[in-house]
Amino acid sequence: MTGAVASSVTAPVGTTRLTSAPAADFATHLATFGPLPTSNPAVLLSALHDSGLEGRGGGAFPAWRKLAAVPGRERARGRRVVVIGNAAEGEPLSSKDATLLTVAPHLVIDGLLAVAESLNGTATYLYVRSSVLGAVSRALGERRDARKIELREAADSFVSGEASAVVSALAGRRPVPQDRPFLLTESGLAGRPTLLHNVETLAHIALIARFGPAWFRSRGTASDPGTRLVTVTGGGRPSTVIEIGGGAGLNDVFRFAGIDPAGLSGVLVGGFHGAWVPASAGNVRLDREDLARFGATPGAGILMGQDARHCPLTVASAIATYLAGETAGQCGPCVNGLSAMASVLSRLARGERDPSLPAELRRLADLVTGRGSCHYPDGTARFVLSTLTVFDADVRAHLAGTCRKEHS
Ligand code: SF4
């Protein structure tokens, strides 16, 4: 496939692409990136295919496959197709979508319009956190072509960004994952074919539509092309959002964010439903190939460095307790199993010297995995198992009563 694209403006060079406009207003956006080319469905699909862009919301599904899976209005037998830009960002460690919508809202709007136009007649929504409603509303008000985009406030919960939960919320129902399987691309919002993209994915689509797949691939690696936004936390510093080239090393990302990786004992990659990478693993790259051996993926670009002076089990216990409180309350194994796991991990973190605790955690993780209507219990179990594996020395120190790390 080939993707012929053109723009009146020079493509951004270097790693700073999504964040290259000096201000968020529409005039600056146009001066920086040029106007959005008219969307030709075949050209856009081809450009996305060749770019290798994968979703930036956590699922990493190829963007072109998602687009190809949704029938245009003709193939949908006259039904209007729905396109949703998802910035619910319920993960507490992530703020990259809110940051993007604050500094470059027009790239997101462009991406939404490009996808919608290529599907020939759609309803369009932006589903965003309350903190950025004002910024997005201002941006929408700056342009005539965005009048039909409906702006909706996202629910404030961990599961609010799950695809079926977004559709439920937009339909006026509880913003929780649906308890029976359904195919979004065939029958999503109001029974219409529905395409849901993370807002960062849409912003990349807006740039690929202008500057083409070869430009997109000119940063990053063959397996992780382009750039991505990451939210970095650790070392006692406030959380920060940076744009990096695909396949960047974890240690380099921390240094770039002003955090010394030498002071970390591990890195939580992918947020509360992610997995730990031990500091001893060296400069592992933030791409799927390198992270696979730790059961991690780049996910939604979330990195939390664990301070080596602090007890990781205390941190993991707090996260497991939070996750147990965030289930949608629909499935027994999820509701009961996650609170049981959190309780056992808390006993271990507090220093209870019962050698059966790790095995009990593994048993519970096995029990809940694959037993919910959505993947929520699976993600929680993965996080707990990863904690046991990567911080095995800390688990043994707790059981022996020899842990001397700070527990605050
Ligand atoms: S598995 Fe948990 S989060 Fe998912 S639908 Fe069931 S109760 Fe809700």
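Throughout, numbering of the chain's residues begins at 1 and tracks the sequence.
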Looking at [Y], is its backbone amide N or carbonyl O close enough to the side chain of [X] to form a donor-acceptor pair, meaning the two atoms are under 3.5 Å apart?
X	Y	answer
Arg285	Ala248	no
Thr28	Ala24	no
Ser118	Val115	yes
Arg293	Leu291	no
Asn86	Gly161	yes
Thr221	Asp224	yes
Thr369	Ala365	yes
Thr32	Ala21	no
Ser187	Arg192	no
Glu91	Ser94	no

Please name the pair of heavy atoms, one in [X] and one in [Y], separated by the smallest distance, quoted to 0.1 Å.
X	Y	answer
Pro225	Ser51	CG-O, 3.4 Å
Gly188	Val167	C-CG1, 3.9 Å
Ala123	Arg80	CB-NH2, 3.6 Å
Pro213	Ala47	CB-O, 3.5 Å
Ser160	Ala155	OG-O, 3.1 Å
Val83	Ala116	CG2-CA, 4.1 Å

Name the residue from Val241, Ile242, Leu93, Ile302 that meets the side-chain contact (heavy atoms from CB on, under 4.5 Å) definition with Val232.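 The side-chain contact (heavy atoms from CB on, under 4.5 Å) with Val232 is passed solely by Ile242 among Val241, Ile242, Leu93, Ile302.
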side-chain contact (heavy atoms from CB on, under 4.5 Å) partner of Tyr127, the single match among Leu151, Leu196, Val166: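 Checked Leu151, Leu196, Val166 against Tyr127; only one passes side-chain contact (heavy atoms from CB on, under 4.5 Å): Val166.
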One thing to verify: whether [Y] and [X] come together as a salt bridge, which I'm taking to mean a side-chain N less than 4.0 angstrom from a carboxylate O.
X	Y	answer
Asp110	Arg210	yes
Arg396	Asp392	yes
Glu360	Arg362	no
Glu89	Lys96	no
Arg309	Glu406	no
Arg347	Asp354	yes

Pair Arg350-Ser346, side-chain donor/acceptor within less than 3.5 Å: yes
Polar contact flag, side-chain donor to acceptor under 3.5 angstrom, Glu142-His106: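 A donor-acceptor contact under 3.5 Å links the two side chains.
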Please report whether the ring centroid of [Y] lies less than 6.0 Å from that of [X].
X	Y	value
Tyr376	His273	yes
Phe294	Trp276	no
His407	His398	yes
Phe383	Phe272	no

Just wondering, more than 12 heavy atoms not from [X] lying within 6.0 Å of its [atom1]?
X	atom1	answer
Arg371	CZ	no
Asp145	CG	yes
Phe256	CZ	no
Arg217	CZ	yes
Arg173	CZ	yes
His310	NE2	yes

Atom [atom1] in [X], atom [atom2] in [Y]: separation rounded to 0.5 Å?
X	Y	atom1	atom2	value
Thr231	Asp97	OG1	CG	8.0 Å
Thr19	Leu229	OG1	CG	7.0 Å
Met304	Ile259	CE	CD1	11.0 Å
Leu100	Leu107	CG	CG	7.0 Å

Leu348 and Leu388: side-chain contact (heavy atoms from CB on, under 4.5 Å), yes or no, with the steps? CA-CA 11 Å; Leu348 187 59; Leu388 292 181; 4.2 Å; yes
Please tell me if the side chains of [X] and [Y] come closer than 4.5 Å, counting only heavy atoms from C-beta onward.
X	Y	answer
Leu286	Leu303	yes
Leu48	Ile205	yes
Val176	Gln330	yes
Leu399	Pro358	yes
Ser164	Glu162	yes
Val267	Gln306	no
Arg147	Leu140	no
Thr194	Thr185	no

Applying salt bridge (Lys or Arg N to Asp or Glu O under 4.0 Å), run through Arg56 and Glu54 and close with a yes or a no. CA-CA 6 Å; Arg56 301 297 200 234; Glu54 293 181 343; 5.5 Å; no
Parallel, tilted or perpendicular: which fits the ring planes of His204 and Phe216, with parallel below 30° and perpendicular above 60°? perpendicular
Return the orientation label for the Phe33 and Phe211 ring planes: parallel under 30°, perpendicular over 60°, tilted otherwise.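 The rings of Phe33 and Phe211 sit tilted, inter-plane angle from 30° to 60°.
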Might you work through the side-chain contact (heavy atoms from CB on, under 4.5 Å) test for Leu53 and Trp64, ending with a clear yes or no? CA-CA 8 Å; Leu53 172 66; Trp64 77 271; over 6 Å; no
For Ile84 and Leu126, what are the C-alpha separation, side-chain angles and deciding distance, and is it a side-chain contact (heavy atoms from CB on, under 4.5 Å)? CA-CA 6 Å; Ile84 303 168; Leu126 273 174; over 6 Å; no
Could you give all pairs that pass the salt bridge (charged side-chain N to carboxylate O under 4.0 Å, His left out) test and reach residues 231-253, with sequence neighbours left out?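 Residue pairs passing salt bridge (charged side-chain N to carboxylate O under 4.0 Å, His left out), neighbours aside: Asp252-Arg255.
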What do the steps show when you test Thr15 against Arg219 for side chain to side chain donor-acceptor pair (under 3.5 Å), and what is the final call? CA-CA 7 Å; Thr15 301; Arg219 298 300 304 204; 3.0 Å; yes
Under the side-chain contact (heavy atoms from CB on, under 4.5 Å) rule, what do Ile149 and Leu112 come out as? Steps first, then yes or no, please. CA-CA 9 Å; Ile149 295 176; Leu112 188 65; 3.8 Å; yes
